[in-house]
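Okay, so here's the structure we're looking at.
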Amino acid sequence: MSAAPDTGRAVIVDLPHGPADDPQDRAGLAALAARHLMDPRAGGPGTLARARVWHTRHQLAPHCSSFAFWSGVDDDLAEVGTAFALAAPPGADRLRELVAAQLRLATAYRDDPYTRLLDLLEATATGAPDRPALGTEQSLAAIGPQDVRAYLAANCGDRAVTHRSAGDDAPAPAPGAVRQPRLRHWHGGRRTVPLPGAVVRVALALPVDPPAPGALELAVELLGSHGLGGRLARALRGERPLAYGLGAFRLGGPDGRGTAALAVQAQVAPEHAREALHLLRETVHSVLSGPVPEAERRDASARLRTALLSQVDQPFGAVDERRRRLRGEPELTALAAAVGERALDGLLPSVAAGLTPATVALGAVPEDFLESGTWA
């Protein structure tokens with residue numbers, strides 16, 4: 001679905017309680033409450049959205065549950081904020097239905113090898129305990145109607161923050177002030193999770209020091225995040241065809257604190273896992289040690305700027321940009337401009353001194369695979 005940026009209206013409502021705020025024994029509470037709020041039978045925003053035929057989106061961040069609504073007929077969406085306070089808490093029977101639906105989603109997420117790899121890599125990078133955002137069978141069973149009622153009462157009133165696609169804006173930061181996405185804490189290390197199957201997934205995250213805005217994002221694109229135009233594809237799908245799938249990405253959220261990280265992953269046959277991990281590491285260092293030719297930087301910049309700016313043209317693009325601005329996060333338009341500058345000046349990240357990379361392997365590999373000393 002797409003729309004011209006000046007068509008329709010959108011609003012985002014942020015509730016200030018995300019998965020990281022859930023009680024330890026009731027992980028999944030924020031996600032379960034969001035499922036209830038968007039239920040057309042609850043009398044809240046989901047009911048209103050169904051009646052008005054609005055498009056909706058929900059996103060979870062560690063300390064935020066974010067709801068977006070878009071109307072293609074130029075509704076003013078004025079009722080959205082108050083609709084959250086109108087949602088009736090679920091009864092015991094309805095809560096059991098919500099838990100069953102969420103458990104199916106949590107199980108599918110847990111059983112997906114790619115999402116499991118990403119969770120494993122981030123847990124290894126940060127040293128944080130595994131707290132599934134969607135909950136587990138045990139934690140969801142511990143959530144009662146009173147827990148959801150308390151969540152709604154605490155978060156659906158004055159603490160909720162509403163962002164609109166039109167209205168008074170805070171001043172946009174200068175391109176040089178764009179903050180880099182980072183991880184609050186860095187631990188690093190190596191972890192192997194043996195699983196049966198014909199594919200091994202290996203991943204590596206390196207803590208880096210970005211010298212300027214857009215440098216980390218351009219480095220990710222040089223490795224390959226959109227299509228097969230980066231160095232990873234040439235190293236693992238061209239010169240040495242090893243990988244079924246691969247990609248580069250970053251770890252961390254846009255809070256501007258902590259350590260920035262550049263990550264890469266590949267799916268390969270078990271007999272190629274060690275070589276693939278070695279090639280991932282060498283390819284990352286080929287970008288970070290530089291210099292990268294200007295023509296290559298320009299091509300990567302063009303791919304990335306197109307991907308960033310296309311997001312601004314989506315139905316939620318304008319309100320997402322305004323939300324980023326008001327939260328002090330990098331706007332995509334400013335980030336795209338910064339990426340263009342990095343294509344010209346060639347400033348790219350360097351490996352952060354004194355920090356241990358995070359390396360993981362998931363699949364049919366020996367438990368001591370990463371401890372053998374011959375993986376890189």
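- In terms of the side chain to side chain donor-acceptor pair (under 3.5 Å) criterion, residue partners of Glu321 (sequence neighbours excluded) are, by chain and number, Arg324, Thr333.
- With sequence neighbours left out, the salt bridge (charged side-chain N to carboxylate O under 4.0 Å, His left out) criterion links Asp345 to Arg342.
- Here Arg41 pairs with Asp39, Glu97 under the salt bridge (charged side-chain N to carboxylate O under 4.0 Å, His left out) rule; sequence neighbours left out.
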Could you go through residues 283-294 and list every donor-acceptor pair under 3.5 Å that involves a side-chain atom there, pairing it with any protein atom two or more places apart or in another chain?
| unit_1 | atom_1 | unit_2 | atom_2 | d |
| --- | --- | --- | --- | --- |
| Thr283 | OG1 | Leu279 | O | 2.6 |
| Ser286 | OG | Arg231 | NH1 | 3.1 |
| Ser286 | OG | Thr283 | O | 2.6 |
| Ser289 | OG | His285 | O | 2.5 |
| Glu294 | OE2 | Arg298 | NE | 2.9 |
| Glu294 | OE2 | Arg298 | NH2 | 3.0 |

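- For the salt bridge (charged side-chain N to carboxylate O under 4.0 Å, His left out) test, residues two or more places apart in sequence or in another chain that qualify with Arg57 are Asp320.
- The 12-atom threshold is not exceeded at CG of Asp158, counting heavy atoms of other residues, nucleotides or ligands nearer than 6.0 Å.
- Under a 4.5 Å side-chain heavy-atom criterion applied to ILVMFWY residues, the cluster that includes Trp54 comprises Val11, Val13, Leu15, Leu29, Leu32, Leu37, Met38, Leu48, Phe67, Phe69, Leu77, Val80, Phe84, Leu95, Leu98, Val99, Leu103, Leu140, Ile143, Val148, Tyr151, Leu152 as well.
- Applying the ring-ring contact (aromatic ring centres under 6.0 Å, His included) rule to pairs touching residues 113-132 yields nothing, sequence neighbours excluded.
- Residues that satisfy the side chain to side chain contact (heavy atoms under 4.5 Å, CB included) test with Ala150, not counting sequence neighbours, are absent from this structure.
- Scanning for side chain to side chain contact (heavy atoms under 4.5 Å, CB included) contacts around Ser139 gives Ala27, Thr136, with sequence neighbours left out.
- When hydrophobic residues (I, L, V, M, F, W, Y) are linked wherever their side-chain heavy atoms come within less than 4.5 Å, the members clustered with Val199 are Tyr244.
- The side chain to side chain donor-acceptor pair (under 3.5 Å) search around His58 returns Ser65, not counting sequence neighbours.
- Checked against salt bridge (charged side-chain N to carboxylate O under 4.0 Å, His left out), Arg297 has no partners two or more places apart in sequence or in another chain.
- Atom CD of Glu217 is separated from atom CG of Leu348 by 11.0 Å, given to the nearest 0.5 angstrom.
- Although no hydrogens or angles enter the test, the distance criterion places no donor-acceptor pair under 3.5 Å between the side chain of Asp14 and the main chain of Ser66.
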